[in-house]
Amino acid sequence: MAHWLFKSEPDTFGIDDLAAQPHQTDHWDGVRNYQARNFMRDRMSVGDLGFFYHSNTKEPGIVGIVEIAREAYADHTAFDPEDPHYDPKSDPDNPRWFMVDVKLVRKLDRTITLAELKERAADLGDLPLVRKGNRLSIMPVSDEQWEYILSLE
DNA sequence: GCCAACGTTGGC
DNA sequence: GCCAACGTTGGC
């Protein structure tokens with residue numbers, strides 16, 4: 001089973017928004033980065049676990065755990081001219097962008113902040129999150145990194 | 001609000 | 001194919 005990290009801005013879609021969905025499940029739409037797309041499309045399986053990370057907020061950090069509930073399928077928001085993530089180059093017959101469904105497993109007892117993860121960057125090896133200038137919105141987390149980060153909770 | 005880092009676009 | 005210009009991300 002693989003592990004992942006999903007970034008989202010809580011002002012747009014935070015963990016409490018996911019918690020409010022039916023079955024605490026929603027699709028992860030709006031990814032418009034090829035590397036992040038490829039992780040979803042090619043490597044995510046139902047049952048994989050991921051961290052839910054709040055970005056672009058007062059205290060950025062990991063706030064919860066989600067589970068992949070559906071494998072990648074076409075991101076329909078790319079087909080909607082009214083949608084902020086509209087991409088005319090994505091064709092319904094040959095979609096460019098994909099999304100998975102994620103289900104909330106639980107919220108963490110506390111936020112594991114980016115600041116403390118950065119303090120421990122030496123222990124987190126190649127985790128893109130703690131590297132300068134990183135903008136990747138979906139990234140793989142190794143088993144070791146996963147356990148280590150959870151142990152901080 | 002600022003701005004560094006990054007990915008994408010498009011002219012050549 | 002190169003690379004400057006541009007738009008976006010996201011920490012601070």
Side-chain angles (χ1 to χ4, degrees), chain A residues 2-21 26-44 48-68 72-142 144-146 148-153:
Chain A
H3 297 101
W4 306 97
L5 182 142
F6 292 83
K7 283 185 193 171
S8 187
E9 302 188 16
D11 288 348
T12 305
F13 185 81
I15 193 156
D16 289 330
D17 296 306
L18 180 59
Q21 297 303 312
D26 206 353
H27 48 261
W28 199 270
D29 64 290
V31 172
R32 296 293 181 268
N33 170 280
Y34 290 104
Q35 203 179 350
R37 178 205 67 181
N38 293 347
F39 289 137
M40 284 197 298
R41 188 189 60 184
D42 304 336
R43 292 177 52 190
M44 280 188 195
D48 284 359
L49 297 178
F51 287 129
F52 195 123
Y53 175 89
H54 279 174
S55 68
N56 219 347
T57 188
K58 187 174 181 180
E59 189 179 56
I62 294 166
V63 294
I65 296 174
V66 297
E67 178 179 353
I68 308 303
Y73 57 109
D75 182 342
H76 58 77
T77 65
F79 309 140
D80 178 4
E82 304 298 317
D83 192 280
H85 299 296
Y86 175 59
D87 182 355
K89 285 174 280 192
S90 188
D91 180 343
D93 292 328
N94 183 23
R96 175 175 297 205
W97 304 115
F98 289 80
M99 59 191 182
V100 296
D101 286 355
V102 299
K103 175 182 172 60
L104 180 65
V105 174
R106 66 180 178 93
K107 291 170 70 171
L108 297 189
D109 295 337
R110 69 178 189 88
T111 300
I112 299 173
T113 66
L114 178 64
E116 63 188 300
L117 292 173
K118 280 187 163 177
E119 286 172 11
R120 299 162 183 273
D123 295 328
L124 288 168
D126 57 358
L127 185 68
L129 185 72
V130 295
R131 290 211 297 261
K132 188 177 181 184
N134 165 66
R135 292 167 40 181
L136 193 57
S137 63
I138 293 176
M139 67 187 73
V141 176
S142 73
E144 292 77 12
Q145 290 161 347
W146 180 269
Y148 179 86
I149 291 168
L150 268 186
S151 77
L152 301 175
E153 183 187 12

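- Taking atom CG of L117(A) as the reference point, atom P of dG10(C) lies 15 Å away to the nearest angstrom.
- In this entry the distance linking NZ of K7(A) with P of dT9(C) reads 11 Å, nearest Å.
- Using a 4.5 Å heavy-atom cutoff, the side chains of H76(A) and M99(A) are in contact.
- Remark: C1' of dA4(B) and CG of N134(A) are 13 Å apart, rounded to the nearest angstrom.
- Contact annotation: K118(A) reaches the phosphate of dC12(C) (side-chain N/O to OP1 or OP2, under 4.0 Å).
- Listed nucleotides dA4(B), dC12(C), dG7(B) differ in distance to N33(A); the shortest reach to its side chain belongs to dG7(B).
- Note on K132(A): every side-chain N or O is 4.0 Å or more away from OP1 and OP2 of dA4(B).
- Nearest nucleotide to the Y34(A) side chain, out of dT9(B), dG10(C), dT8(B): dT8(B).
- Considering only side-chain atoms of S55(A), the nucleotide from dT9(B), dC12(C), dG10(C) that sits closest is dG10(C).
- In this structure, the CD atom of E9(A) is 9 Å from the P atom of dG11(C), given to the nearest Å.
- D87(A) places its CG atom 15 Å from the C1' atom of dG7(C), with the value rounded to the nearest Å.
- If you look at W97(A) and Y34(A), their ring centroids are closer than 6.0 Å.
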### Task
Apply salt bridge (Lys or Arg N to Asp or Glu O under 4.0 Å) to the pair D48(A) and R43(A), showing each step before the final yes or no.
CA-CA 10 Å; D48(A) 284 359; R43(A) 292 177 52 190; over 6 Å; no
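- Ranked by how close their nearest DNA chain B nucleotide is to the 5' end, R32(A) and N56(A) are led by N56(A).
- Ring planes of F13(A) and W28(A): perpendicular class, angle over 60° (limits at 30 and 60°).
- Distance, Q35(A) CD to dG7(B) P: 7 Å, rounded to whole Å.
- Rounded to whole Å, atom P of dG10(C) lies 17 Å from atom CD of E59(A).
- Within the nucleic acid shown, K89(A) comes within 4.0 Å of sugar-phosphate atoms alone, with no base atom in reach, counting heavy atoms only.
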### Query
Could you go step by step and tell me if D16(A) and K107(A) meet the salt bridge (Lys or Arg N to Asp or Glu O under 4.0 Å) rule?
CA-CA 9 Å; D16(A) 289 330; K107(A) 291 170 70 171; 2.7 Å; yes
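- Taking atom OH on Y53(A) and atom P on dT9(C), their separation rounds to 14 Å, with Å as the unit.
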